[in-house]
Amino acid sequence: MNNATTIRIELENLMIKNGYSMAQLARSTHLNPGTVSAILSGNRTLSMDELDRITSVMELPKGHFYERYFEEYLVDLKPNWTRISSILYHSVELDNLDLFEKVVTRFKDKINYASSLFEIAEDLFENGKMEGAVFLYQAVAENEKNQYSERLAKCQYRIFLIKQGDNQQQNYQAASQFEPFAERLNELDQLDALKDLANTYRSLRRWYKVEEIVIKLKNKAHYQYHHKRDGKCINLESLKSPKRPLFFYLAYSSLLMAGVFEARGDYTNALQCTYAYADLSWVKEDDEQTLHWKNLFREWAVANTYGNKLLSGDFEILPEYLDYIQNNEDEILPALVNIMEAANRFNQNVDPILHKFETELNRFISKTAVGMYTEYLIVEYI
């Protein structure tokens, strides 16, 4: 029995129950009478839209026939891509991930569908449907595991991003899995990928990995920034733009390297790196986005200069530091971490400061993100 026969029986029962003529059934389903006739005769392949209309008239929940539609139209026959993509989107819409995974599993090994499955994954990713997106990315990656393709690298990048959360072990595993693929991305996507990897390793305190990746990030960003400014772009790919202005990645590599030196207790070099991203006079662009990031780097440099001086034992700047963070809420949590580390290192009593910011600390505990600080960094700071 095929799906048309199943639907035909259901429709015939509906006609008998309600005393519908062919024309009345067509009107109730908002379908063309010829379409209804073809369905009833078993000569028409239903679309998902037609199936939804029929299901609605039968007063059944949307998706009632989806499993049957998959089993009788997509498993044995050779469906067109429209039907495959339609049932994927519809199953995600209804949170029917079991059906979604069945459909993906059915077609993931067909190399001619890889590109189309990847496009759906990208669409789901952009729209926040992460469970469906990650399953598709994994399916495409499995299909292309023996190919040195940019699409494979992009799948691994997306999987890495989706898996980031407050489980540090999972974050580490995701970073380790993605890292070998980072430099297979196109040159500009590599900048964001390396930045994201460095951020993950920083949150894990894997400082040797942060340094290793920062060196790559700095070299690639330097090449891209100066080639673009010097007009040496020679291909269309190099004319594309990364998510942030190119100078950002150079400045951010200095910020990350300052964190590496700080973790080693080398506050002199940490300050030198901080001064490096504070002075962005070499950046000639003056568009709105560039000015936005230049201002942020200057603000971060102020906060981190206070932090590094305090950690090196300069407690004379502590009152000034406290005045600063009272007017910059995003900096309160990392500043309190710096104050506690410095207090422990130099045997200073900072209990009054902790009491002063007790309300803010309790509020941070309930937050998932503050400014540039992601959930897993906040968990670490707390």
Side-chain angles (χ1 to χ4, degrees), residues 161 164 188-203 210-211 213-214 216-218 220-222 224-226 228-229 241-263 267 269-311 317 320-339 357 360 363-364 367-381:
L161 291 175
Q164 295 302 290
L188 293 180
D189 283 342
Q190 287 180 33
L191 300 179
D192 283 303
L194 292 171
K195 169 188 67 68
D196 293 333
L197 272 173
N199 281 337
T200 295
Y201 285 128
R202 179 177 66 168
S203 75
V210 177
E211 181 176 17
I213 291 170
V214 164
K216 294 179 182 179
L217 176 61
K218 184 176 182 178
K220 291 176 184 293
H222 184 275
Q224 289 293 330
Y225 182 78
H226 290 288
K228 184 174 182 179
R229 279 187 53 186
S241 298
K243 291 180 180 178
R244 295 178 174 87
L246 280 170
F247 90 89
F248 167 91
Y249 302 93
L250 271 171
Y252 199 69
S253 64
S254 294
L255 185 150
L256 289 168
M257 200 62 213
V260 173
F261 284 122
E262 182 181 323
Y267 301 110
N269 277 317
L271 277 170
Q272 292 305 310
C273 289
T274 302
Y275 296 148
Y277 68 79
D279 178 13
L280 298 174
S281 57
W282 51 272
V283 179
K284 303 305 180 184
E285 294 79 13
D286 59 1
D287 58 276
E288 185 176 348
Q289 191 181 23
T290 295
L291 294 177
H292 167 76
W293 284 111
K294 286 178 73 173
N295 288 333
L296 280 181
F297 276 113
R298 278 193 287 267
E299 291 175 14
W300 294 336
V302 171
N304 290 329
T305 298
Y306 281 129
N308 279 300
K309 285 184 176 180
L310 182 67
L311 287 164
I317 58 94
E320 190 177 336
Y321 195 10
L322 292 174
D323 287 340
Y324 171 77
I325 66 175
Q326 281 187 305
N327 296 314
N328 294 272
E329 182 181 2
D330 288 0
E331 296 299 333
I332 292 175
L333 191 55
L336 291 177
V337 173
N338 289 337
I339 290 168
F357 288 97
E360 287 81 359
R363 190 166 64 248
F364 283 127
K367 287 190 174 184
T368 57
V370 179
M372 284 288 288
Y373 301 104
T374 54
E375 181 177 356
Y376 49 84
L377 277 175
I378 288 179
V379 170
E380 180 195 18
Y381 286 153

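Being a predicted model, the structure only gives us computed values, none of them experimental.
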- Note on the structure: When every non-hydrogen atom of E360 is compared with those of I332, the smallest separation belongs to CG-CD1, 3.9 Å
- Item | Results of salt bridge (Lys or Arg N to Asp or Glu O under 4.0 Å) for K309 - residues two or more places apart only | none
- Task: Please check if the distance between the ring centroids of W293 and Y277 is under 6.0 Å.
- Result: no
- Side chain proximity check, Y321 to N338, heavy atoms < 4.5 angstrom: yes
- Query: Is there a side-chain contact between Q272 and F261 (heavy atoms, below 4.5 Å)?
  - Reply: no
- Sub-3.5 Å donor-acceptor pair from the side chain of D279 to the main-chain atoms of S281, do we have one? yes
- Judged by modelled atom types alone, do N304 and Y275 share a side-chain donor-acceptor pair under 3.5 Å? no
- Query: Where is the tightest heavy-atom contact between S253 and V214, given as atom of each residue plus distance?
  - Reply: O-CG1, 3.4 Å
- With distance as the sole criterion, is a donor-acceptor pair present between the side chains of Y324 and E299 under 3.5 Å? no
- Which residues share a side-chain hydrogen bond (donor to acceptor under 3.5 Å, both in side chains) with N328, sequence neighbours left out: none
- Query: CG/L255 to OH/Y252 distance, rounded to the nearest 0.5 angstrom?
  - Reply: 6.0 Å
- Query: Of the non-hydrogen atoms in L246 and Y225, which two are nearest, and what is the gap between them?
  - Reply: CB-CD1, 3.7 Å
- Does a side-chain heavy-atom distance below 4.5 Å link K294 with F247? yes
- Message: As an exercise, state the distance from CG of D323 to CD1 of I317, rounded to the nearest 0.5 Å.
- Response: 11.0 Å
- Message: How long is the straight-line distance from NZ of K243 back to CG of L188, given to the nearest 0.5 Å?
- Response: 12.5 Å
- Could you pull out the closest heavy-atom pair between A270 and N308, with the gap in Å? CB-OD1, 3.4 Å
- Item | Y249 OH to S254 OG distance, which is reported to the nearest 0.5 Å | 15.0 Å
- Task: Enter the distance from Q326:CD to E331:CD here, rounded to the nearest 0.5 Å.
- Result: 14.0 Å
- Can you find a pair of side-chain heavy atoms, one from F248 and one from Q289, that are under 4.5 Å apart? no
- Does some side-chain heavy atom of F357 sit less than 4.5 Å from a side-chain heavy atom of I325? yes
- Passes side-chain contact (heavy atoms from CB on, under 4.5 Å), E329 versus R363? Steps please. CA-CA 11 Å; E329 182 181 2; R363 190 166 64 248; 3.2 Å; yes
- Compute whether any side-chain donor of one residue and acceptor of the other, for Y267 and E262, lie under 3.5 angstrom apart. no
- Item | Donor-acceptor pair, side chain of T290 and main chain of D286, under 3.5 angstrom | no
- Task: Please name the pair of heavy atoms, one in K220 and one in L194, separated by the smallest distance, quoted to 0.1 Å.
- Result: CD-CD1, 3.7 Å
- Query: Is there side-chain contact between L322 and I339, with heavy atoms separated by less than 4.5 Å?
  - Reply: yes
